[in-house]
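Heads up, the thing below is written out as structure tokens.
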Protein chains: 2
Amino acid sequence: MTKPASDQNHTLTLRDVSEASGVSEMTVSRVLRNRGDVSAATRAKVLEASRALGYVPNKIAGALASQRVNLVGVVIPSLSNMVFPEVMTGISETLEGTGLQPVVGVSNYLPDKEESVIYEMLSWRPSGMIIAGLEHTPAAHVMLARAGIPIVEIMDIDGDPIDHAVGISHRRAGRQMAEAIVAAGYRRIAFLGTQMPNDFRAKKRLEGFEETLGRAGLTLVDREFYSGGSALLKGREMTAAVLSRTPETDFLYYSNDMIGAGGLLYCLDESLDVPNKIGLAGFNGVELLDGLPCKLATMDACRLEIGRRAAEIISGTPVTTKVSEFTPKLQFGDTIRTR
Amino acid sequence: MTKPASDQNHTLTLRDVSEASGVSEMTVSRVLRNRGDVSAATRAKVLEASRALGYVPNKIAGALASQRVNLVGVVIPSLSNMVFPEVMTGISETLEGTGLQPVVGVSNYLPDKEESVIYEMLSWRPSGMIIAGLEHTPAAHVMLARAGIPIVEIMDIDGDPIDHAVGISHRRAGRQMAEAIVAAGYRRIAFLGTQMPNDFRAKKRLEGFEETLGRAGLTLVDREFYSGGSALLKGREMTAAVLSRTPETDFLYYSNDMIGAGGLLYCLDESLDVPNKIGLAGFNGVELLDGLPCKLATMDACRLEIGRRAAEIISGTPVTTKVSEFTPKLQFGDTIRTR
DNA sequence: ATCTGTTATGATAGCGCTAACAGTCCCAAT
DNA sequence: ATTGGGACTGTTAGCGCTATCATAACAGAT
């Protein structure tokens with residue numbers, strides 16, 4: 001009723017196109033994939049028929065027959081902070097033109113969820129997998145190791161990669177930030193971060209941070225965690241909490257830029273003397289925040305580069321080392337005093 | 001000769017599990033899918049063998065045989081603004097437990113890219129498609145209409161849906177905001193937005209906005225567009241530009257909250273009298289910004305609800321109408337004067 | 001005229017799974 | 001004893017493609 005004569009409501013197959021154009025299915029297949037020799041006349045005939053019918057090839061059948069799937073699984077913990085979209089941009093950018101297509105799965109920082117996402121993805125037999133982090137359930141680890149495809153674990157390099165790792169050393173990043181803070185003369189340092197037992201990278205940064213503090217004979221004077229809600233707002237609240245509980249604090253180290261920005265706005269509202277009486281630093285280098293009245297000290301996590309490199313490895317660029325380390329740059333901004 | 005007992009590097013199939021557990025492939029398949037009657041003893045045997053081998057089913061073959069694919073294609077223009085991740089959250093949330101799995105594709109606001117993403121997705125024969133917007137290339141339109149699966153176009157309802165539409169009326173949203181602004185007594189209104197010829201929703205909002213202005217005998221006193229870069233920063237710059245070019249401006253209407261927030265920060269820096277001498281409004285209701293010193297007037301785009309409803313439709317919740325409209329709530333915040 | 005070699009097309013046999021049906025076994029009900 | 005039916009397991013035949021080999025047609029080289 002909706003459609004004119006020729007089309008049944010059945011979904012089209014190669015056979016339909018082959019009948020419509022008077023050649024074998026094989027030839028149609030060759031035309032549509034641009035593979036093998038087909039005369040110009042035949043090619044034109046087939047393309048026209050295919051277009052006229054509105055044929056969409058069935059990749060499921062194609063993949064099964066050819067044992068080739070042009071998909072790359074990408075497993076990340078979240079889409080709602082600013083960091084992973086940028087990694088995705090790097091991946092997409094690089095995959096563009098290789099014929100490979102990224103497919104995103106989100107684990108919400110839950111190892112079991114990650115395992116099931118990985119399982120689900122592997123069951124589609126992708127050509128490669130890109131996964132955030134080096135920590136996975138044992139089952140996930142085994143599946144990945146057995147999959148027989150390139151695996152790239154991204155963001156972090158502090159640990160043993162299954163196949164390849166591309167990222168930065170978060171422990172080192174934490175140490176480096178601590179060194180800068182201590183060198184700037186701050187002594188009563190507090191940490192404010194997410195309450196996420198499974199954010200291993202934030203944890204490693206804090207470890208590195210405390211390690212360096214320890215070597216300088218310092219310990220954190222306070223710490224505060226949150227979960228959920230608007231990061232900017234939480235940053236304000238946490239900062240208020242820390243400063244009222246531990247008024248002598250002279251530096252606030254945040255586990256990410258969003259809460260750091262919230263804290264910064266709070267400090268400015270309260271007319272605190274930033275960065276002289278109190279300093280702040282975050283992590284990530286989110287460009288998003290560039291318009292703030294005052295620039296938060298942070299460390300770039302090399303997200304774009306990580307995405308690019310991971311995609312390169314998946315798409316077959318030869319690599320000599322299992323681990324590709326990027327070096328985050330510390331940006332002092334306006335919230336660490338320089339003396 | 002070909003394979004010793006267990007470990008070649010070949011990828012496992014049902015046959016391997018079937019041999020390892022001494023039952024037919026069919027029985028293994030039944031166990032792994034939890035379908036049909038299998039004795040507890042057999043089930044245990046099979047599960048153990050499967051686990052021991054590290055078997056991951058091949059969904060490609062499964063899908064081809066069963067003509068069922070548990071995938072839902074989701075096509076959105078971008079991941080890097082705050083709006084689509086929230087829609088995704090609504091979708092994932094609702095799909096959870098239905099056995100359906102979202103697969104995301106990004107079109108970058110490019111119609112041709114959108115078409116190719118749609119084509120790519122349809123070739124995997126998903127159970128449904130969710131697509132942002134009502135505007136597509138003719139080819140994409142035909143493919144979707146022919147696909148024989150539920151199609152839900154989201155975000156916008158000002159137009160003709162292929163199958164279902166779930167969203168808000170952006171034209172109406174624009175009108176409503178204009179009414180509020182005019183009612184508050186602002187008269188010299190400027191628009192600041194993205195330079196995106198293909199952001200049809202932003203365009204519709206502006207149309208509705210100008211329409212209402214027109215009815216009140218007003219026209220925009222200035223307009224400014226941008227593309228790329230940090231939205232917050234751009235908001236500042238554009239606002240500075242407008243206010244220096246058209247100093248009599250008494251209201252700034254932004255096409256999104258991020259640039260609006262940038263503008264707001266600029267006004268506060270300049271100690272302008274917000275909302276009395278100058279008012280501001282954005283669009284989207286991004287929770288992200290909750291921590292700002294002053295609350296920007298905005299309109300919630302019902303992102304979460306849209307995602308949920310779209311997923312419900314895909315997963316088979318009966319619907320009576322082709323179009324599900326949500327009503328965005330205008331939040332006055334602190335940047336529109338109430339008199 | 002015969003033998004290559006090249007280009008264009010078709011026929012056949014699966015890829016790894018599941019739908020649909022066909023048993024088989026066992027026990028309760030006749 | 002016979003029957004019927006439920007519980008369980010196996011057999012067969014594809015799903016819609018593509019790899020591979022076979023075939024056909026014909027150019028030029030021998």
Side-chain angles (χ1 to χ4, degrees), chain A residues 8 10-47 49-50 53 55-71 99 120 122-127 147-148, chain B residues 2-3 8 10-47 49-50 53 55-71 99 120 122-127 147-148:
Chain A
Q8 296 286 359
H10 87 121
T11 46
L12 299 166
T13 71
L14 267 192
R15 156 154 253 97
D16 297 292
V17 183
S18 116
E19 280 168 1
S21 51
V23 298
S24 72
E25 299 179 34
M26 197 58 230
T27 301
V28 176
S29 166
R30 279 195 271 252
V31 170
L32 296 176
R33 286 178 301 146
N34 256 311
R35 213 157 298 245
D37 299 312
V38 181
S39 73
T42 310
R43 150 166 281 111
K45 221 170 27 180
V46 169
L47 283 178
S50 163
L53 292 172
Y55 172 69
V56 177
N58 185 330
K59 287 226 178 183
I60 296 178
L64 184 60
S66 67
Q67 304 283 59
R68 250 183 277 111
V69 179
N70 70 336
L71 264 26
E120 198 70 19
L122 285 180
S123 74
W124 287 99
R125 301 289 188 266
S127 300
Chain B
T2 21
K3 38 191 143 153
Q8 284 289 5
H10 87 122
T11 44
L12 298 166
T13 72
L14 267 193
R15 156 154 250 98
D16 296 292
V17 183
S18 118
E19 279 169 3
S21 52
V23 299
S24 73
E25 299 177 34
M26 196 59 230
T27 300
V28 176
S29 167
R30 280 197 269 255
V31 170
L32 265 23
R33 286 178 302 147
N34 255 310
R35 210 157 298 238
D37 299 311
V38 179
S39 73
T42 309
R43 153 165 278 109
K45 218 165 39 174
V46 169
L47 284 178
S50 163
L53 292 172
Y55 173 69
V56 177
N58 185 331
K59 287 228 177 181
I60 294 177
L64 183 60
S66 67
Q67 303 284 61
R68 252 184 276 109
V69 179
N70 70 336
L71 263 25
E120 198 71 19
L122 285 180
S123 74
W124 287 99
R125 300 290 187 267
S127 299

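Just so it is clear, the model here is predicted, and its values are computed rather than measured. Residue numbers start from 1 in every chain, and the chains themselves are labelled A, B, ... in the order their sequence lines are given, proteins ahead of strands.
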| Looking at residues at least two apart in the chain, or sitting in another chain, which of them share a side-chain contact (heavy atoms from CB on, under 4.5 Å) with Ala20(B)? | Ala49(B), Leu53(B)
| request: Heavy atoms under 4.0 Å is the rule here; annotate nucleotides 8-17 of chain D 5' to 3' with B where the base is hit, S where only the sugar-phosphate is, and - elsewhere. | output: SBBB--BBBB
| Per the end-axis method with five pairs at each terminus, what is the bend angle of the helix from dA1(C)-dT30(D) to dT30(C)-dA1(D), to 10°? | 50°
| request: For Arg125(A), enumerate each residue passing the side-chain hydrogen bond (donor to acceptor under 3.5 Å, both in side chains) test, keeping only those at least two apart in sequence or located in another chain. | output: none
| request: Return each pair, listed once, that meets salt bridge (charged side-chain N to carboxylate O under 4.0 Å, His left out) where at least one residue sits in residues 11-27 of chain A; pairs must be two or more places apart or across chains. | output: Arg15(A)-Glu19(A), Arg15(A)-Glu25(A)
| task | Could I get the full list of salt bridge (charged side-chain N to carboxylate O under 4.0 Å, His left out) partners for Lys59(B), not counting sequence neighbours? | result | Glu120(A)
| said: Quick one: does any side-chain atom of Ser127(A) pair with a main-chain N or O of Val69(A) as donor and acceptor, under 3.5 Å? | reply: yes
| said: Ala61(A): which residues meet the side-chain contact (heavy atoms from CB on, under 4.5 Å) condition with it, sequence neighbours left out? | reply: Asn58(A), Leu64(B)
| Taking Ser50(A) for the side chain and Val46(A) for the main chain, is one N or O donor matched with an acceptor at less than 3.5 Å? | no
| task | Round to the nearest Å and state the distance from Arg35(B) atom CZ to dC17(C) atom C1'. | result | 13 Å
| Contacts of type side-chain hydrogen bond (donor to acceptor under 3.5 Å, both in side chains), residue Ser29(B), not counting sequence neighbours | Arg33(B)
| What residues form a side-chain hydrogen bond (donor to acceptor under 3.5 Å, both in side chains) with Ser24(A), not counting sequence neighbours? | Thr27(A)
Report each atom pair, protein N/O against N/O of nucleotides 22-26 of chain D, whose distance is under 3.5 angstrom.
none

| Contacts of type side-chain hydrogen bond (donor to acceptor under 3.5 Å, both in side chains), residue Ser39(A), not counting sequence neighbours | Thr42(A)
